[in-house]
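Since we're looking at a predicted model, the values are computed, not measured. Order of appearance sets the numbers: ligands from 1, and atoms from 1 within every ligand.
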Amino acid sequence: MELNICHLYPDLLNVYGDLGNILILKYRAQKRNITVKIHNISLNDEFKMDDCDIVFFGGGQDFEQGIVSPDLMSKREAIKDYIENNKVLLAICGGYQLLGKYYTTPEGEKLQGLNILDLYTDGGDTRFIGNTVIYNEEYNETYVGFENHSGKTYIGDLKPLGKVIKGYGNNGEDGYEGCIYKNTYCSYFHGSLLSKNPELADRLLSAALSNKYDEYISLEPLDDSIELKAKEFIINRETKKD
Ligand code: GLN
């Protein structure tokens, strides 16, 4: 089997180790003898739905988001088709914000988003920085990560990636972090999300393979004892009552 992973704007949107998400997907796929090809797509490049099995859209500063926003418009229809066709996409922070209607920076500049997901982001006065722990009820999984954003995202009726146990999440108000729409997963977690949460990495791989090969494909488990021990340590440290 083979997987094509497309990295959107790797030269502009790639902060706090977000690239690690691609490295983890590649590593975990190769451990199952799946061949992985990585394609970079940036300014003025064409986005072709059939070339990608997993798309990664990382985080970035407001300045870089301002460069990416106008370029996205020429890719909008293809990315929308990709998402609506249940294909797998992972978006972090700045990329997450740009899938929505708009992101208004703290200085008041309104950056147009792709308007594919029914969400929007307002720049706030506070930067939400720190370690975060969330719980996803549907999968009964706990995810840990590190957030650093001033944007406050409101996801309306979309499903959250998880409920906040520790940290700020989407906006510091409603107790939600990230969102899920079809096979599009969004989060504010840097650091990177998938290295700390291997079960989520496998969910993306399995969904991408099942789409591509038109049958449900489950993956052989890997030895994640070190990752899970590290996660348990973080959960205990971050949620321990003094
Ligand atoms: N510029 C955005 C914000 O501060 C996104 C930051 C990021 O991707 N880390 O909200």
request  = For Phe189, check ring pair (Phe, Tyr, Trp, His ring centres under 6.0 Å) against everything at least two apart and list the hits.
outcome  = none

task = Just jot down the side chain to side chain donor-acceptor pair (under 3.5 Å) partners of Asn21, sequence neighbours excluded, or say none.
result = none

ask   = Ring centroid separation for Phe146 and His190, is it under 6.0 angstrom?
value = no

task = Determine, for Phe47 and Lys75, whether the Lys NZ or Arg CZ falls below 6.0 Å from the six-membered ring centre while staying within 45 degrees of the axis.
result = no

task = Mind running side chain to side chain contact (heavy atoms under 4.5 Å, CB included) on Val36 and Leu25 for me, showing each step along the way?
result = CA-CA 9 Å; Val36 175; Leu25 289 168; over 6 Å; no

request  = State which residues pass side-chain contact (heavy atoms from CB on, under 4.5 Å) with Leu222; sequence neighbours excluded, sorted by chain then number.
outcome  = Arg28, Lys31, Arg32, Asp224

Pick out the protein N or O atoms lying less than 3.5 Å from any N or O of ligand 1, and list each pair with its distance.
unit_1   : atom_1 : unit_2 : atom_2 : d
ligand 1 : 1 (N)  : Gly60  : O      : 3.4
ligand 1 : 1 (N)  : Asp62  : OD1    : 2.4
ligand 1 : 1 (N)  : Gln65  : OE1    : 2.8
ligand 1 : 4 (O)  : Arg127 : NH1    : 3.4
ligand 1 : 4 (O)  : Arg127 : NH2    : 3.3
ligand 1 : 4 (O)  : Ser150 : N      : 3.2
ligand 1 : 8 (O)  : Gly60  : N      : 2.9
ligand 1 : 8 (O)  : Gly60  : O      : 3.1
ligand 1 : 8 (O)  : Gly94  : N      : 3.1
ligand 1 : 9 (N)  : Asn148 : O      : 3.2
ligand 1 : 9 (N)  : His190 : NE2    : 3.1
ligand 1 : 10 (O) : Gln97  : NE2    : 2.9
ligand 1 : 10 (O) : Ser150 : N      : 3.2
ligand 1 : 10 (O) : Gly151 : N      : 2.8

